[in-house]
2 protein chains.
Amino acid sequence: MKLTSKGRYAVMALVDLARFDNISPVSLRDISLRQGISLDYLEQIFSKLRKKEIVKSVRGTQGGYVLNKKTKEIKLTIIFDAVDEKVKTVQCKKESKKGCNGKLTKCVTHNLWDDLDKHINNFFEQKSLEDLVKNNIEKRI
Amino acid sequence: MKLTSKGRYAVMALVDLARFDNISPVSLRDISLRQGISLDYLEQIFSKLRKKEIVKSVRGTQGGYVLNKKTKEIKLTIIFDAVDEKVKTVQCKKESKKGCNGKLTKCVTHNLWDDLDKHINNFFEQKSLEDLVKNNIEKRI
DNA sequence: TGATACTTGACTATTTTAGTCAGGTTTATA
DNA sequence: TATAAACCTGACTAAAATAGTCAAGTATCA
């Protein structure tokens, strides 16, 4: 049970962006250096974030990225969704009218995984970028 | 963010076992047929469960497996632990004295992942096999 | 003593992940 | 208007993890 580094990097990069974008756009190069994430990989990630309107890009010299929403509104849910980090702990097959395990019933643990997904998503829906930035400033990390 | 099928199968098989083992040992062959899990794979999983004393084996004809603890005591935590299903959503590197991201500090999201792991583990520590079996009987799945 | 069932360990195809690489296009500013 | 900084896109790939399979046992009950 792991989170992919794409999801993790997306959050790290956005926290970084949230802390610096009040002055001017933040270049991916800067984020790359500060967070230790490959520039090429960051570009892939930000392309997705831009499509979901979480960030805006500013082109040209001195350009970069800016947040496109308030930090309070950017919940982890929408970040993970943007970079295809799915919280689907178990994929029960939906073959025609069959349930999981190839039979007509649901598998014995079906409800359990549903509950688990809800539990995790609940966490992601509550945490916003604002929380993370605050947490960082408070603890002076 | 996915659970491996090893973890899922382990839980499915144990729920199955919990429902049938009051009469006599349950053979893996039966579980395999009822739950649609490969027999060979089940053997790997039960070998691990036995080492952690979650189940006992009964050899010979009419043999099989029996639960080695009360269903109430078998929490998801110990099941996942037994089959190496780790809830470590993010692996921050621990290189000598360096933090994650190769710097001297913790990465900006370090505390977040710790919180997430706690949140998920909390769920697993509360759910027991008893809960799952009850849920199954009530809903007649 | 044979059938049943557990036990072990090696092996492997497939999929996913975590990037890299190459070759663009756009735009601010000197 | 040239140029460098920065974004943008898509194809490619090595390595790791996953989800099993396969083979060859050993133990024990009837």
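Residue numbers begin at 1 in each chain, while the letters A, B, ... track the order of the sequences. In this text the structure is predicted, and so the values were computed from the model without any measurement.
In this model, the phosphate group of C:dT7 is not approached by any side-chain N or O of B:S47 to a distance below 4.0 Å at OP1 or OP2. Within the 4.0 Å cut-off from OP1 or OP2 of C:dT7, at least one side-chain nitrogen or oxygen of B:S57 is found. For D:dC8, one of the phosphate oxygens OP1 or OP2 lies less than 4.0 angstrom from a side-chain nitrogen or oxygen of A:R50.
Residue contacts for B:F46: at a heavy-atom cut-off of 4.0 Å it reaches no nucleic acid atom on any strand shown.
Residues A:Y9 and A:V83 have side chains not in contact (no heavy-atom distance under 4.5 Å, counting atoms from C-beta outward).
If you take CG of B:N68 and P of C:dC6, they are 15 Å apart, rounded to a whole angstrom. Atom CD1 in B:I37 sits roughly 16 Å away from atom C1' in D:dT18 (whole-Å rounding). Note: NZ (B:K56) to C1' (C:dA5) measures 17 Å, nearest angstrom. As rounded to whole Å, 10 Å separates atom C1' of C:dT4 from atom CZ of B:R29. Separating the NZ atom of B:K48 from the P atom of C:dT7 is a distance of 15 Å, rounded to the nearest angstrom. Spacing between atom CG of B:L42 and atom P of D:dT21 amounts to 11 Å, rounded to whole angstrom units.
The residue among B:L39 and B:Q62 whose nearest nucleotide of DNA chain D is located toward the 5' end is B:L39.
Within the structure, side chain to side chain donor-acceptor pair (under 3.5 Å) pairs that include any residue of residues 64-77 of chain A do not occur (at least two apart or interchain).
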Table of protein N/O atoms under 3.5 Å from nucleotides 13-19 of chain C N/O atoms:
residue : atom : partner : partner atom : Å
C:dA18  : OP1  : A:S5    : N            : 3.4
C:dA18  : OP2  : A:S5    : N            : 3.0
C:dA18  : OP2  : A:S5    : OG           : 3.4
C:dA18  : O5'  : A:S5    : OG           : 3.4
C:dG19  : OP2  : A:Y9    : OH           : 3.0

Atom pairs, N/O to N/O, protein against nucleotides 23-27 of chain C, distance under 3.5 Å?
residue : atom : partner : partner atom : Å
C:dT26  : O4'  : A:R59   : NH1          : 2.2
C:dT26  : O3'  : A:R59   : NH1          : 3.1

Walk me through it: do A:F124 and B:L116 pass the test side-chain contact (heavy atoms from CB on, under 4.5 Å)?
CA-CA 9 Å; A:F124 290 152; B:L116 174 57; 3.8 Å; yes
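Residue B:Q62 qualifies as open at atom CD: its count of foreign heavy atoms under 6.0 Å is 12 or below.
Stacking of B:R8 on the aromatic ring of B:F80 is not recorded, the 6.0 Å distance cut-off and the 45° axial limit not both being met.
The side-chain hydrogen bond (donor to acceptor under 3.5 Å, both in side chains) search around B:K6 returns none, not counting sequence neighbours. For the side-chain hydrogen bond (donor to acceptor under 3.5 Å, both in side chains) test, residues two or more places apart in sequence or in another chain that qualify with B:T4 are B:E85.
Note: B:L76 CG to B:L132 CG = 6.0 Å, rounded to the nearest 0.5 Å.
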Using distance only, find each side-chain donor-acceptor pair of residues 44-56 of chain B under 3.5 Å and give its atom names and separation, not counting sequence neighbours.
residue : atom : partner : partner atom : Å
B:K48   : NZ   : B:D84   : OD2          : 2.8

